[in-house]
Amino acid sequence: MPARAVERLEAELGFPLERPASADHGDFATNAALQLAPQRKRPPREIAEELAEQATALELVERAEVAGPGFVNLWLAPAWYLDALSEILEAGEGYGGGLADPVERVQVEMVSANPTGPITVASARNAAYGDSVARLLEHAGHDVEREYYVNDAGAQTELFRASVEARRRGEEPPEGGYLGDYVAELAGAEGDPVPPMLERIEATLERFRIHFDSWRRQSQLEGRLPQVLECLDTYESDGAIWIRSTKFGEEKDRVLVRSAERGGLPTYAAVDIVYLADKLERGFDRVIYVLGSDHHGVRGWYPIIAQILGHDPAQVEVLIYQLVHLVEGGKLRKVSKRRGDVVFLDDFIDQVGVDGARWYLISRGPDQAIDIDVDLAADKTQKNPVYYVQYAHARIAGILRNAPTAPSNSLLQSPKALARAEKELIKRLVEFPAILEEAVERRGPHALPNYAIRVADDFHRFYHEHRVLESEAQEFRLALVRATQIVIALSLDLVGVEAPERM
RNA sequence: GCGCCUGUAGCUCAGAGGAAGAGCGGCGGCCUUCUAAGCCGUUGGUCGGGGGUUCGAAUCCCUCCAGGCGCACCA
């Protein structure tokens, strides 16, 4: 892949560029003079004058001027814009991607909700976030596998089974048992309710455009516990088996197997160890956990397990997102899966659509808690910016449908001058690789929706001001429109939202 | 008590040292043109408070205030 248009220019200039907030400050600007001033012990504006002079000497630079305390603002020639545009067209769907180095085998474990009820909006954030991170890693070139951990053997699952059984006998559920309508539904059929529940969960997630490559069951892992325990540094105390996790920086040792009085069953910590051992044995270079902030207390635990097992803790990555709360009538609503007092993802999708739901859940940063107003959700998503972005894509598809020829991938005669809206749009498109790179690095897919709105913004303005078909600049504008389509489609796809041909 | 997250326009939120932003809402305009789910104008700010570092801080450090979530032989 050729160096990016901006990077090439930076290399020629010898200093880094940024995009100024205001168009009055040029197409690009640099603060290099301000950075250099202290070490050169010279006034920044003096250095800026020199940089501006050097820049003006380049063919791609139309004009350069010094501003403020020592910024250099640059205006670029049409040739640079054409160059940037053709780069996007050549890269196509791979634009901004394939830069992973080294390429890793990555496992993303996400959702992993207990199979004791349908997927809720709380898990939906996990799903949307985890899947988008996975998509980003894939686009960067990594080999990614999505896994769902099925807790089919824990106390909650047993309680769930007992609740269904009680229902079948026409009795009240056990203390603290499950009450939702779906329990009654499952009670209508024979056998273990967990498999049909899992089928329903999988169907919901597929509908949400998330495909799991692998479903790992706790019941399959537990048998390996004795074997794993043997290799660990454990001791017995108060009738329980403990691991010396303090040796690895934990504040307290942890119990792995409960004392007989407390049931003698292995704890979650024990299963965590067996499960991570299982993951690492499968040869992943990187293992990612996606957890809600209600689990952030164990964030440090997983890397420590890796150490305990003799692996590099840096192979383990724990991503935390803040929780989704339900708000009703301006007040926080207490949710409980057991009582069935939740918003199920299927219902949420029925209300706002997959695109609306995914966009809504992903466009806020993972550190930001989300309140979903149950009553206003549908209303809000009517105004959801996702339609604004999709509409831009559909408009482009319309133009390309009506175009006499497909946009050419190799440019192109240079228009004498580019209109402002054209320049703004190209500069926006050129930002994409950097946006993407940062989103990957920071595991922050929310940058993409926010960026896509900017692209749609610039496109709608361009569309309003300039005709594409049967204009003098038709060839150039078809190419520009096609490049815009590539970037919008990619931005949407990376967060799991569709790019419609018509609306 | 300790830890993590949050506090930016009326509301929902972007902004990871460089020149304060968007969407929604409010007000006023624009369809004989490739899609008006669009465009243009306007309204809007002690970036929670206070200190510090820096030529420069919403951004980094300290501190205080407010809210959310955690700190189990719970799952």
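Each chain gets a letter, A, B and so on, in the order the sequences are listed, and its residues count up from 1.
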(message) At less than 4.0 Å, is any side-chain N or O atom of Gln35(A) found next to OP1 or OP2 of C55(B)? Yes or no.
(response) no

(message) Looking at A37(B), I'd like to know if its phosphate oxygens (OP1 or OP2) sit under 4.0 Å from a side-chain N or O belonging to Tyr387(A).
(response) no

Counting the atoms with a prime plus P, OP1 and OP2 as sugar-phosphate, which does [X] contact under 4.0 Å by heavy atoms, base, sugar-phosphate, or nothing?
X	value
Gly292(A)	nothing
Arg262(A)	base
Asn450(A)	sugar-phosphate
Ala155(A)	sugar-phosphate
Ala369(A)	sugar-phosphate
Asn151(A)	nothing
His296(A)	base
Glu261(A)	nothing
Asp253(A)	nothing

Within this structure, what is the [atom1]-to-[atom2] distance between [X] and [N], rounded to whole angstrom?
X	N	atom1	atom2	answer
Glu65(A)	A19(B)	CD	P	16 Å
Glu251(A)	A72(B)	CD	P	9 Å
Phe71(A)	C55(B)	CZ	P	15 Å
His446(A)	U6(B)	NE2	C1'	13 Å
Asp294(A)	C4(B)	CG	C1'	12 Å
Tyr235(A)	C73(B)	OH	C1'	12 Å
Leu17(A)	G18(B)	CG	C1'	14 Å
Gln368(A)	U6(B)	CD	P	8 Å

(request) Name the residue closer to the 5' end of RNA chain B, choosing between Ser363(A) and Tyr268(A) according to the nucleotide with the nearest heavy atom. (result) Ser363(A)

(message) If you assign each of His295(A) and Ala397(A) to its closest nucleotide in RNA chain B, which residue comes earlier from the 5' end?
(response) Ala397(A)

(request) Represent RNA chain B in dot-bracket notation, 5' to 3'. Only Watson-Crick or G-U wobble pairs with both distances under 3.5 Å count; pseudoknot-style crossings use [ ] and interstrand partners use |. (result) ((((((((.[[[[.)..(..]]]]((((((.......))))))....[[[[[..)....]]]]])))))))....

(request) Output the residues of residues 495-503 of chain A in contact with RNA chain B, where contact means a heavy atom of the residue under 4.0 Å from an atom of the strand; sort by number or write none. (result) Glu501(A), Arg502(A), Met503(A)

(message) Is the ring pair Phe432(A)/Tyr451(A) parallel, tilted or perpendicular, if the boundaries are 30 and 60 degrees?
(response) tilted

[atom1] spacing across the pair [N] / [M], given as an integer number of angstrom:
N	M	atom1	answer
A57(B)	G52(B)	P	12 Å
C30(B)	G10(B)	P	29 Å
C62(B)	G41(B)	C1'	45 Å

Quick one: [atom1] on [X] to [atom2] on [Y], what's the gap to the nearest 0.5 Å?
X	Y	atom1	atom2	result
Arg254(A)	Thr267(A)	CZ	OG1	8.5 Å
Trp301(A)	His295(A)	CH2	NE2	15.0 Å
Leu34(A)	Ile47(A)	CG	CD1	8.5 Å
Asp152(A)	Arg216(A)	CG	CZ	12.0 Å
Ile372(A)	Gln351(A)	CD1	CD	9.5 Å

(request) Not counting sequence neighbours, which residues clear side chain to side chain donor-acceptor pair (under 3.5 Å) with Asp233(A)? List them please. (result) Arg244(A), Lys247(A)

(message) Checking Trp242(A) now: which residues fulfil side chain to side chain donor-acceptor pair (under 3.5 Å) with it, not counting sequence neighbours?
(response) none

Kindly give the atom pairs (protein nitrogen or oxygen, nucleotide nitrogen or oxygen) under 3.5 Å for nucleotides 30-34 of chain B.
residue: U33(B); atom: O2'; partner: Arg467(A); partner atom: NH1; Å: 2.4
residue: C34(B); atom: O4'; partner: Arg467(A); partner atom: NH2; Å: 2.9
residue: C34(B); atom: O2'; partner: Asn402(A); partner atom: ND2; Å: 3.1
residue: C34(B); atom: O2; partner: Leu469(A); partner atom: N; Å: 3.1
residue: C34(B); atom: N3; partner: Val468(A); partner atom: N; Å: 3.1
residue: C34(B); atom: N4; partner: Tyr463(A); partner atom: O; Å: 2.8
residue: C34(B); atom: N4; partner: His466(A); partner atom: O; Å: 2.7

(message) Checking side-chain hydrogen bond (donor to acceptor under 3.5 Å, both in side chains) between Asp458(A) and each of Lys427(A), Arg428(A), Lys423(A), which is the one that passes?
(response) Arg428(A)

(message) So which atom in Ala55(A) and which in Leu13(A) form the shortest heavy-atom distance, rounded to 0.1 Å?
(response) CB-CD2, 3.6 Å

(request) Heavy atoms only: give me the nearest Pro115(A)-Ile201(A) pair and the separation to one decimal. (result) CA-CD1, 3.9 Å

(message) Check this for me: does the side-chain of Asn31(A) come within 3.5 Å of the base of A19(B) through a donor and an acceptor?
(response) no

(message) Is it the case that C5(B) (base atoms only) and Ser293(A) (side chain only) share a donor and an acceptor within less than 3.5 Å, ignoring hydrogens and angles?
(response) no

(request) Report yes or no: is the cationic atom of Arg395(A) (NZ for Lys, CZ for Arg) under 6.0 Å from the centre of the six-membered ring of Tyr463(A), at an angle within 45° of the ring normal? (result) yes

Show each protein N/O and nucleotides 21-23 of chain B N/O combination with a separation under 3.5 Å, one pair to a line.
residue: A22(B); atom: O2'; partner: Arg454(A); partner atom: NH2; Å: 2.6

